[in-house]
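Take a look at the structure set out below.
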Amino acid sequence: MRIVSGIQPTGKPHLGNYLGAIRNYVRFQDEAEAAGGQSLYFLADLHALSQPHNPAELTAATREMVATLVACGLDPERCILFNQAQVPQHAELQWLLNGTARMGWLNRMTQWKDKAGKDREGQSVALFTYPVLQAADVLLYQATHVPVGDDQKQHLELARDIAQKFNFDFGNGTDIFTLPDPIIPPDTARILSLRDGSAKMSKSDTSDMSRINLIDDADTIMQKVKKAKSDPEPLPSDPGGLEGRPEARNLVGIYAAMAGTSVADVLRDFGGHGFGKFKPALGELLVEKLAPINARFVELVRDTEALDAILAKGALKARDLARPTLAAAYAALGLVRG
Ligand code: AQP
């Protein structure tokens with residue numbers, strides 16, 4: 001079992017990242033260890049270059065993201081935690097895979113279409129080739145499983161297509177790359193924006209009110225939940241009644257996920273009550289569950305040297321693991337190296 005996944009150090013990590021991905025990172029750190037495997041988690045700082053960015057903010061956000069991941073339960077002694085920029089093999093393998101990935105495949109990516117919108121000509125090349133770097137990120141380590149939220153499912157399918165074509169074209173009967181399987185949490189694969197029931201909660205949303213940041217203080221969390229978009233109807237008594245009510249379903253789903261219970265159980269307690277009663281309960285639950293993460297983050301983020309040391313140590317291990325696969329890819333392509 002080799003688990004690999006990444007998160008962009010852009011903006012502040014939020015509840016969607018936590019429930020869709022980070023919580024699974026922690027779970028699979030434990031499972032991989034128990035199975036005698038390994039887990040690798042990286043900060044996708046190279047991916048951050050696909051959008052206009054401020055260099056000083058990227059540096060600060062990278063350290064904040066390490067602190068957040070450790071505060072959420074990743075243990076750098078038990079998993080490999082690093083940033084792409086310190087492992088040049090990611091960018092190298094991307095270039096090798098650029099020869100295999102097809103323009104048509106990339107053109108079909110919904111994230112590219114959504115982010116580029118009508119201005120395709122004005123986008124960076126990096127935004128277009130983003131999924132090829134993402135394929136390199138996981139194929140480089142022969143990942144078997146990749147914990148991600150729903151929005152990354154299509155990119156992972158593309159990584160499998162690239163791996164399959166590369167193996168077929170250049171493998172000479174052997175598999176250079178393992179085909180990775182996504183691990184998508186069944187109930188929290190897509191946490192929605194608090195302001196718009198048709199959009200996912202996202203770091204890049206211009207409104208901070210659209211998301212609960214993992215390091216928001218108690219007052220801010222209560223305020224954001226209170227202002228979250230809902231509807232005037234009371235909550236139903238069973239999950240079927242949430243049909244066609246995306247905001248209500250989202251808030252109830254968040255409650256269930258954070259309480260470690262089912263949507264049906266939450267509705268058993270709150271069915272028939274309006275949001276005037278449900279929202280304060282949800283706010284308090286979030287404050288209670290996020291308080292330890294918040295406290296640990298505040299402690300960790302002060303020590304930038306310790307955070308940099310975590311990344312340097314992780315990068316050393318990642319570079320070692322990446323070497324054989326990259327060498328095999330170079331050789332398969334017939335590239336001569338000394
Ligand atoms: N709303 C979400 N619900 C469930 N999972 C989510 N993920 C992201 N948003 C949700 C998962 O978190 C991991 C890291 O993804 P990311 O760094 O791309 O985070 P983001 O919030 O999506 O960041 P951006 O910069 O705001 O990107 P866009 O603009 O694409 O939304 C991934 O596993 C992701 O699935």
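Counting convention: from 1, in listed order, for ligands and their atoms alike. This structure is a prediction, so every number in the text was calculated from the model and none was measured.
Within the 4.0 Å heavy-atom criterion, the part of Thr10 lying near ligand 1 is the side chain and not the backbone. Both the backbone and the side chain of Ser202 come within 4.0 Å of ligand 1, counting heavy atoms alone. With a 4.0 Å cut-off on non-hydrogen atoms, Ala44 does not touch ligand 1 at all. Heavy atoms from both the backbone and the side chain of Lys203 come within less than 4.0 Å of ligand 1.
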- [ ] Dump the intermediate steps for ring pair (Phe, Tyr, Trp, His ring centres under 6.0 Å) on Tyr141 and His90, then the final yes or no.
- [x] CA-CA 10 Å; Tyr141 301 104; His90 286 248; 5.5 Å; yes

- [ ] Please step through salt bridge (Lys or Arg N to Asp or Glu O under 4.0 Å) for the pair Lys229 and Asp196, ending with a clear verdict.
- [x] CA-CA 7 Å; Lys229 195 170 167 204; Asp196 174 1; 5.4 Å; no

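The closest non-hydrogen atom to atom 24 (P) of ligand 1, taken over Ser204, Pro182, Ser50, comes from Ser204. Comparing Asp151, Ile184, Val148 by heavy-atom distance to atom 35 (O) of ligand 1, the nearest is Asp151.
Ring planes of Tyr130 and His155: tilted class, angle from 30 to 60°. Relative ring orientation between Tyr255 and Phe278 is described as tilted, the plane-to-plane angle lying within the 30° to 60° band.
Distances between N or O atoms of Gln8 and those of ligand 1 include at least one value under 3.5 Å. When only interatomic distances are considered, the shortest N/O to N/O separation between Ser5 and ligand 1 does not fall below 3.5 Å. In terms of polar-atom proximity, Asp150 is not counted as a contact of ligand 1, lacking any N or O under 3.5 Å from an N or O of the ligand. By the 3.5 Å distance cut-off applied to N or O atoms, Gly6 is not counted among the residues near ligand 1. For ligand 1, one of its N or O atoms has an N or O atom of Asn17 under 3.5 Å away.
Atom-to-atom distance recorded for Met65:CE and Ile22:CD1 is 6.5 Å, nearest 0.5 angstrom. Residue Ile80 holds its CD1 atom at 11.0 Å from OH of Tyr41, rounded to the nearest 0.5 Å. For the atom pair CD (Glu77) and CD1 (Ile310), the distance works out to 9.0 Å, reported to the nearest 0.5 Å.
Of the residues listed (Thr68, Asp303, Asn83, Asp308), the one engaging Arg63 in a side chain to side chain donor-acceptor pair (under 3.5 Å) is Asp308, and it is the only one.
Nearest approach of Arg108 to Lys113, heavy atoms of both residues: O-CE, 3.6 Å. Closest approach of Arg249 and Glu243 over heavy atoms only: NH2-OE1, 3.3 Å.
Nearest protein heavy-atom contact of atom 27 (O) of ligand 1 is Lys115 NZ, 3.6 Å. Of the protein's heavy atoms, Gly149 N, 3.2 Å lies nearest to atom 33 (O) of ligand 1. The protein heavy-atom contact nearest to atom 31 (O) of ligand 1 is Lys200 NZ, 2.8 Å. For atom 5 (N) of ligand 1, the nearest protein heavy atom (residue, atom name, distance) is Gly16 O, 3.2 Å.
Near Gly20, with a cut-off below 4.0 Å to any heavy atom, the atoms of ligand 1 are 4 (C), 5 (N). Against a heavy-atom cut-off of under 4.0 Å, Ala189 is close to the following atoms of ligand 1: 3 (N), 4 (C), 5 (N). Here is the list of ligand 1 atoms found below 4.0 Å of a heavy atom in Ile7: 14 (C), 17 (O). Atoms of ligand 1 found under 4.0 Å from any heavy atom of Ile191 (numbered from 1 in listed order, with element): 1 (N), 2 (C), 3 (N), 4 (C). Atoms of ligand 1 lying under 4.0 Å from any heavy atom of Ala21, numbered from 1 in the order shown and given with element: 12 (O), 13 (C), 33 (O).
Proximity of His14 to ligand 1 is established by a heavy-atom distance of less than 4.0 Å. Within the structure, ligand 1 lacks Gln51 among the residues with a heavy atom less than 4.0 angstrom away. Using 4.0 Å as the threshold, Thr188 has a heavy atom nearer than that to some atom of ligand 1.
Counted within 6.0 Å of CG on Asp114, heavy atoms from surrounding residues, nucleotides or ligands total more than 12; the atom is thus considered enclosed. No more than 12 heavy-atom neighbours from other residues, nucleotides or ligands sit within 6.0 angstrom of NZ on Lys153.
Between the side chain of Asp205 and the backbone N or O of Ser210 there is no donor-acceptor pair closer than 3.5 Å. Here the side chain of Gln142 pairs a donor or acceptor atom with the backbone of Thr178 at under 3.5 angstrom.
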